[in-house]
Amino acid sequence: MSATNSSAAPLSAETHPLTYRLGTEPLLDIKAYEALDGYAAVRKALKEMAPADVTQLVKDSNLRGRGGAGFPAGVKWSLVPMGPDAPKEKYLVCNADEMEPGTFKDRLLMEQLPHQLIEAMIVVGYALQASHGYIFLRGEYVVAYKRLNDALAQARTAGYLGDNILGTGWNYDVNVHSGAGRYICGEETALINSLEGRRANPRAKPPFPQIAGLWGKPTVVNNVETLSNIPHIILRGADWFKGLSQGKSPDSGTKLYGISGCAKRTGVWELPIGTTGRELLYEYGGGMADGYELKCWLPGGASTDFLLPEHLDLAMDYDTIMKNGSRMGTGLITVIDDKQNIISVVRNLEQFFARESCGWCTPCRDGLPWTVKLLQAIERGEGAEGDIEILEQLTRQLGPGKTFCAHAPGAMEPLQSALKFFRGEFERGIAKELATQTVTG
Amino acid sequence: MSTADMTTSVISSDRPRFELHPDDRAAIEHDITHYADSRAASIDALKVVQKRHGWVPDGAIYAIGEVLKIPASDVEGVATFYNLIFRQPVGRHVITICDSIGCFLTGYEETLAAIKQRLGIELGETTPDNRFTLLPICCLGACDKGPVLMIDDDTHGNVGIADVDKLLEQYA
């Protein structure tokens with residue numbers, strides 16, 4: 001299956017750094033990639049910049065994590081110990097475990113432009129003076145696995161990886177680690193456990209991975225899209241990157257936005273960060289499919305709160321969406337139409353989270369299946385009096401600070417917003433006549 | 001959910017006979033070189049064995065433990081955690097159908113019902129002729145083409161009811 005940038009117009013490096021090189025065919029050959037400024041950022045960074053300069057530049061660019069959390073990448077790197085007293089082993093890990101329901105952007109970058117990610121991993125590895133890099137790729141992405149490995153072999157032959165890269169005295173290589181399933185692997189510390197060959201349970205923080213991560217060594221974990229921006233920031237600078245948002249947002253850069261669900265056109269587009277949901281859905285998605293109205297939308301994956309049609313004019317950036325009760329998350333919107341029963345939609349989302357809980361801590365392991373059970377009853381019109389109140393309690397008991405990681409709090413986001421916006425639909429699922437009967441589990 | 005769980009196993013007290021294929025042993029030993037600690041190759045090793053046998057037999061758990069120099073119970077802990085490692089035999093072809101939100105909205109339930117009917121099996125089951133095992137999977141990262149499923153390593157998008165028969169015919 002091929003995936004291409006869904007825009008028809010020719011794109012320029014100035015405005016669409018992540019996707020301008022995409023054509024009808026994937027760009028897999030290193031010579032073809034080099035002919036389009038490929039690996040120029042590696043040469044520039046390694047020959048003209050000190051590692052600390054690279055980190056400072058990315059800090060200045062205000063590139064924020066594209067995996068969903070929005071943490072500034074350069075700040076993350078600056079916590080890594082540097083200098084002669086720093087541990088000899090340091091690791092860069094690319095989080096390529098794209099599994100957030102509704103998200104399909106990193107697949108495109110890796111299948112179509114594997115060299116861009118590898119180039120980024122070299123530049124960032126240099127900034128951290130890392131000893132090794134890993135791309136933690138979800139097991140199902142078999143095409144990306146092959147293309148990344150082929151591209152890595154080419155990069156080794158070209159001397160961009162290996163010993164004494166470009167005469168700098170720095171030794172570094174990158175391997176692809178193919179996973180074996182489980183959404184929780186996308187959680188930074190669970191990913192590190194998985195990469196160490198353990199069950200993917202999250203770790204307590206602190207210590208943060210930048211201090212003690214993979215095999216106890218300083219480790220940076222960055223998302224595919226986050227990393228893919230780096231070579232362009234090296235070549236064109238922080239001010240250029242800040243300008244990419246075209247005044248639509250105080251955030252910097254472009255963003256891979258996308259649409260799935262009930263729109264006329266679905267796909268991925270690289271747009272200025274801060275583009276509104278309305279522009280995305282109507283200009284790029286062509287609006288709702290014929291005969292359907294917009295009921296609500298998830299701004300960036302299953303673990304983000306629902307937004308309503310009235311929120312379509314919000315800038316899709318981290319702070320704006322946050323201030324309005326949700327999160328931008330991955331920025332790929334899920335469009336839900338008026339024919340959908342919100343209880344069924346939420347039940348589907350919570351079934352996903354219940355199945356994917358790693359089982360490490362009780363609120364998540366027990367609370368999520370309970371949530372599903374309550375929703376299934378309400379969906380059948382067999383909810384009991386008090387079920388809505390129990391669901392509301394669960395949103396708090398599984399909320400931030402109650403669990404080891406963000407899995408359960410993420411699961412509660414669509415539930416709490418559905419309860420807020422569509423309470424009537426929940427109430428219609430409560431069977432009054434059952435309230436006084438004994439309900440057996 | 002439990003019906004679809006292919007990862008569950010019970011290790012018997014007697015160690016079952018299992019000989020790691022020399023090529024597989026070499027592949028695992030090569031994978032170990034990618035990491036600072038041999039344990040990290042446990043998922044790679046399980047995949048190597050599964051590629052040859054279709055699943056991971058009990059004896060392989062011990063054999064992998066020996067190559068990686070970690071306890072068999074640790075290998076089993078990993079094997080039973082990850083849904084793409086099969087600790088029970090599966091059919092010649094494994095169908096994994098996405099049941100997450102993008103495919104829910106585009107009607108995966110109808111596609112799944114058609115597959116179940118065509119094969120006469122439920123999620124988590126294998127056809128009597130051992131041709132297909134049917135499993136659910138979370139979002140496959142192709143939500144713009146829902147409903148999405150994989151058969152072995154192939155990803156198929158926009159799979160409606162009408163496409164099911166023709167699609168299954170491609171896998172003998």
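Computed from a predicted model, the values in this text were never measured in an experiment. Basis for what follows: all heavy atoms, side chains included, without hydrogens, waters or symmetry-related copies. Below, chains carry the letters A, B, ... as their sequence lines are ordered, and counting in each starts from 1.
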Asker: Do you know which of H177(A), H132(A), E98(A) has the most heavy-atom pairs with chain B at a distance under 4.5 angstrom?
Answerer: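 Of the candidates given, the most pairs with chain B belong to H177(A).
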
Asker: At a 4.5 Å cut-off on heavy atoms, which part of Y108(B) comes close to chain A: side chain, backbone, both, or neither?
Answerer: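 For Y108(B), side-chain heavy atoms alone lie under 4.5 Å from chain A.
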
Asker: Going from SG on C143(B) to CD1 on I333(A), what distance comes out if it is rounded to the nearest 0.5 angstrom?
Answerer: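 The distance works out to 12.5 Å.
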
Asker: Relative to the ring of Y35(B), is the ring of W215(A) parallel (under 30°), tilted (30 to 60°) or perpendicular (over 60°)?
Answerer: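 Aromatic pair W215(A)/Y35(B) classed perpendicular.
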
Asker: What are the two closest heavy atoms between C139(B) and G102(A), and how far apart are they?
Answerer: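 Reported closest heavy-atom pair: SG-N, 3.6 Å.
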
Asker: Are any side-chain N or O atoms of S260(A) and backbone N or O atoms of G102(B), one a donor and one an acceptor, separated by less than 3.5 Å?
Answerer: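 Between the backbone of G102(B) and the side chain of S260(A) there is no qualifying donor-acceptor contact (under 3.5 Å).
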
Asker: Nearest 0.5 Å, what's the CG-NE2 distance between L195(A) and H34(B)?
Answerer: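 One gets 12.5 Å once the value is rounded to the nearest 0.5 Å.
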
Asker: Is chain A contacted by the side chain of A41(B), its backbone, both, or neither, given a heavy-atom distance below 4.5 Å?
Answerer: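 Answer is neither: A41(B) stays 4.5 Å or more from chain A.
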
Asker: Using a cut-off of under 4.5 Å for heavy-atom pairs, which of D31(B), L140(B), I43(B), D153(B) has the most such pairs with chain A?
Answerer: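 The residue among D31(B), L140(B), I43(B), D153(B) with the greatest pair count is L140(B).
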
Asker: Sort out for me which of G261(A), A200(A), S344(A) touches chain B most, counting heavy-atom pairs under 4.5 Å.
Answerer: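 Of G261(A), A200(A), S344(A), A200(A) has the most heavy-atom pairs under 4.5 Å with chain B.
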
Asker: Heavy atoms only: give me the nearest Y91(A)-A36(B) pair and the separation to one decimal.
Answerer: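 Between these two residues, the closest heavy atoms are OH-CB, 3.8 Å.
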
Asker: Check I85(B) against A180(A) and note the closest heavy-atom contact, atom names and distance.
Answerer: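 It is CG1-CB, 3.9 Å.
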
Asker: Give the C-alpha distance, both sets of side-chain angles, the deciding distance and a yes or no for side chain to side chain contact (heavy atoms under 4.5 Å, CB included) between Y82(B) and C185(A).
Answerer: CA-CA 10 Å; Y82(B) 295 96; C185(A) 292; 3.8 Å; yes

Asker: Between A45(B), A40(B), S38(B), who has the most heavy-atom pairs with chain A when the cutoff is under 4.5 Å?
Answerer: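 When all of A45(B), A40(B), S38(B) are compared, A40(B) has the most.
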
Asker: Can you list the steps and then say if Y141(A) with T155(B) is a side chain to side chain donor-acceptor pair (under 3.5 Å)?
Answerer: CA-CA 9 Å; Y141(A) 280 10; T155(B) 304; over 6 Å; no

Asker: Can you find a heavy atom in the side chain of L84(B) that is under 4.5 Å from one in the side chain of E140(A)?
Answerer: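 Side-chain contact under 4.5 Å: yes.
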
Asker: Can you measure from CZ (F104(B)) to CD (Q340(A)) and round to the nearest 0.5 angstrom?
Answerer: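 Output value for this atom pair is 5.5 Å.
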
Asker: Using non-hydrogen atoms and a 4.5 Å limit, figure out which bit of I137(B) sits close to chain A: side chain, backbone, both or neither.
Answerer: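 Its backbone and side chain both get close to chain A.
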
Asker: Would you mind reporting whether I184(A) and F81(B) have side-chain heavy atoms less than 4.5 Å apart?
Answerer: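 Answer yes - side chains close enough.
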
Asker: Enter the distance from S100(B):OG to E356(A):CD here, rounded to the nearest 0.5 Å.
Answerer: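 The CD atom of E356(A) is 7.5 Å from OG of S100(B), to the nearest 0.5 Å.
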
Asker: Where on T334(A) is there a heavy atom nearer than 4.5 Å to chain B: the side chain, the backbone, both, or neither?
Answerer: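 Interface part for T334(A): side chain.
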
Asker: If you apply the rule side chain to side chain contact (heavy atoms under 4.5 Å, CB included), what do you find for I101(B) with F352(A), and how did you get there?
Answerer: CA-CA 9 Å; I101(B) 189 66; F352(A) 162 79; over 6 Å; no

Asker: Does D144(B) use its side chain to pair, donor to acceptor, with the backbone of V268(A) at less than 3.5 Å?
Answerer: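 Not confirmed, D144(B) side chain does not pair with V268(A) backbone.
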
Asker: Can you say whether E196(A) sits under 4.5 Å from chain B via the side chain, the backbone, both, or neither, judging by heavy atoms?
Answerer: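 Backbone of E196(A) only, per the 4.5 Å heavy-atom cut-off to chain B.
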
Asker: Are D99(B) and R355(A) within salt-bridge range, i.e. N to O under 4.0 Å?
Answerer: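 Here D99(B) pairs with R355(A) in a salt bridge, since their nearest N and O are under 4.0 Å apart.
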
Asker: So, R199(A) side chain and G77(B) main chain: donor-acceptor pair closer than 3.5 Å or not?
Answerer: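 Checking the backbone N and O of G77(B) against the side chain of R199(A), a donor-acceptor pair under 3.5 Å is found.
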
Asker: So for R138(A), is it side chain, backbone, both, or neither that comes closer than 4.5 Å to the heavy atoms of chain B?
Answerer: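 For R138(A), side-chain heavy atoms alone lie under 4.5 Å from chain B.
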
Asker: May I ask you to name which of P369(A), S178(A), S131(A) has the most heavy-atom pairs under 4.5 Å with chain B?
Answerer: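 Between P369(A), S178(A), S131(A), the count favours S178(A).
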
Asker: How about F18(B): does its CZ atom have over 12 heavy atoms from other parts shown lying under 6.0 Å from it?
Answerer: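 Atom CZ in F18(B) is packed in, count exceeds 12.
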
Asker: I'd like to know which of G179(A), G258(A), C262(A) tops the heavy-atom pair count under 4.5 Å against chain B.
Answerer: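 Of the options given, most contacts go to G179(A).
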
Asker: Pairs in or reaching into residues 64-74 of chain B: which pass salt bridge (Lys or Arg N to Asp or Glu O under 4.0 Å), with residues at least two apart or in two chains?
Answerer: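 Listed once each, the pairs are R15(B)-E66(B), R39(B)-D74(B).
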
Asker: With only heavy atoms counted, which part of V335(A) is less than 4.5 Å from chain B, the side chain, the backbone, both or neither?
Answerer: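 Interface part for V335(A): backbone (N, CA, C, O).
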
Asker: For atom CD of Q117(B), is the number of surrounding heavy atoms from other residues, nucleotides or ligands below 6.0 Å larger than 12?
Answerer: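 For Q117(B), atom CD is not crowded (no more than 12 foreign heavy atoms under 6.0 Å).
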
